[in-house]
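What follows is a short report on a single structure.
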Amino acid sequence: NLGGIVSEPVSYFGGALLRKDMKSLQRGWMAYSAIFDTQKKALPYAGQVFMKASQNPNAVKGQSRLDLVIKQESKIDQYRYIAEQESEQGRHGFKFLVKQYEEMQAMAADPVFRLVPNLFTGFDAWTGATLANSKARFRAMDELETLGEVATPARVKELADVEYNSMFGADGIITDKAVKYSNADIALNLDTGLSKQVDGLLQTLPGLTPFLTFPTTMMNIVRVADDYVPAPLKSFQKDINDLSYTSVQTFMENPESMERILASRGHKIEQMDEVAKINTLVDLKNRTLGRKAVGTFVTSIVIGTVVKDK
């Protein structure tokens, strides 16, 4: 998570520099430089989510990593009923097994046994709140641009605070889909098509489970590695290729493509005006190009080192 949080502004500024986009550099500075304001919001939220997870893991199920969510047996009520019927006829084996299952579920939910998963959940919450504040600031700048106002620090903070507060549900948990997407991206927790295919494979061949203990995390590692594939190589992800190699002007001429990319990342396009859509797409493009730049730099260093050794 910490590496992802650091790479977020690094990749953004890297992409903006590659595009020689002064507006993006200014927007990025206004969004990412408010470190103290961000941590005043992120740290208490992380503590709040950790306490919720310790008291009731299911209360923050949507905030937890998919690989760490306690699996609930959907047919447990039916199993209890069958166990009672069997027990009345003197056959107590099934009731014993159901009781064992319930006791193991209780152990799995115990805050002592779930200390590490709950810490992960709290850390993911810190990441989410950090991202939420930066996204709130980007949206505040979009609104100011639409209103024709100058984006002063005080005015950005005023609008960003309102936007940030709107990202939470009644239970105090972040519900904004764009923030949740970015958080899952950094936490290696995106429920991608690849991870779903692996889950299906494990259901068909459960014997592979010991070799694929955390399928969602493992498939996300593959996805992130693909994000950093050096230019001019293409990714196996269509959206990454589009963001890397399609110009902003082309996106403006084909709004359907722009809206598809934004919607796939949780943005409510029906609530966004044209300024917000274009600015958000440019922000995504900057991060994508920045990641490719990092991948290209690292790859060139490695290849250069190998060639020199030879």
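Counting from 1, the numbers follow the sequence of the chain as shown.
In this view, Asp227 and Arg223, Arg291 satisfy the salt bridge (charged side-chain N to carboxylate O under 4.0 Å, His left out) rule, not counting sequence neighbours. Residues passing the salt bridge (charged side-chain N to carboxylate O under 4.0 Å, His left out) test with Asp273, sequence neighbours excluded: none. For the ring pair (Phe, Tyr, Trp, His ring centres under 6.0 Å) test, no residue two or more places apart in sequence or in another chain qualifies with Tyr181. In this view, Glu86 and Ile82, Arg91 satisfy the side-chain contact (heavy atoms from CB on, under 4.5 Å) rule, not counting sequence neighbours. Listed by chain and number, the residues in a salt bridge (charged side-chain N to carboxylate O under 4.0 Å, His left out) with Lys177 amount to none (sequence neighbours excluded). Take Phe168 and apply the side-chain contact (heavy atoms from CB on, under 4.5 Å) test, not counting sequence neighbours, and it matches Tyr45, Tyr164, Ile174. Tyr245 is linked by a side-chain contact (heavy atoms from CB on, under 4.5 Å) to Ala231, Lys234, Asn241, Lys292, counting only residues two or more places apart in sequence or in another chain. With sequence neighbours excluded, no residue forms a side chain to side chain donor-acceptor pair (under 3.5 Å) with Thr175. Judged as a side chain to side chain donor-acceptor pair (under 3.5 Å), and not counting sequence neighbours, the contacts of Lys157 are Asp37, Asp161.
The existence of a salt bridge linking Asp176 and Lys135 is excluded, since no basic side-chain nitrogen approaches an acidic carboxylate oxygen closer than 4.0 Å.
Taking Ile, Leu, Val, Met, Phe, Trp and Tyr as hydrophobic and joining them when side-chain heavy atoms fall under 4.5 Å apart, one finds Tyr12 in a cluster with Phe13, Leu17, Met22, Leu25, Met30, Tyr32, Phe138, Met141, Leu144, Val156, Leu159. Side-chain contacts under 4.5 Å among hydrophobic residues (ILVMFWY), followed directly or transitively, place Met272 together with Leu243, Val248, Phe251, Met252, Met258, Ile261, Leu262, Ile269, Ile278, Leu281, Val282, Leu284. Alongside Val275, the hydrophobic cluster contains no other residue (criterion: ILVMFWY side chains under 4.5 Å).
Across every non-hydrogen atom of Arg139 and Ala178, the tightest pair is NH2-CB, 3.5 Å.
Here the side chains of Phe50 and Thr121 are not in contact, with every heavy-atom distance at 4.5 Å or above. Using a 4.5 Å heavy-atom cutoff, the side chains of Leu188 and Met218 are not in contact.
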Legend entry - Evaluation steps, side chain to side chain contact (heavy atoms under 4.5 Å, CB included), between Thr130 and Gln39: CA-CA 7 Å; Thr130 299; Gln39 295 314 307; 3.7 Å; yes
Legend entry - Step-by-step salt bridge (charged side-chain N to carboxylate O under 4.0 Å, His left out) determination, Asp171 to Lys52: CA-CA 10 Å; Asp171 57 356; Lys52 282 179 176 285; over 6 Å; no
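Taken together through direct or relayed side-chain contacts under 4.5 Å among Ile, Leu, Val, Met, Phe, Trp and Tyr, Tyr81 and Leu97 form parts of separate hydrophobic clusters.
A donor-acceptor pair shorter than 3.5 Å can be found between the side chains of Glu253 and Gln249.
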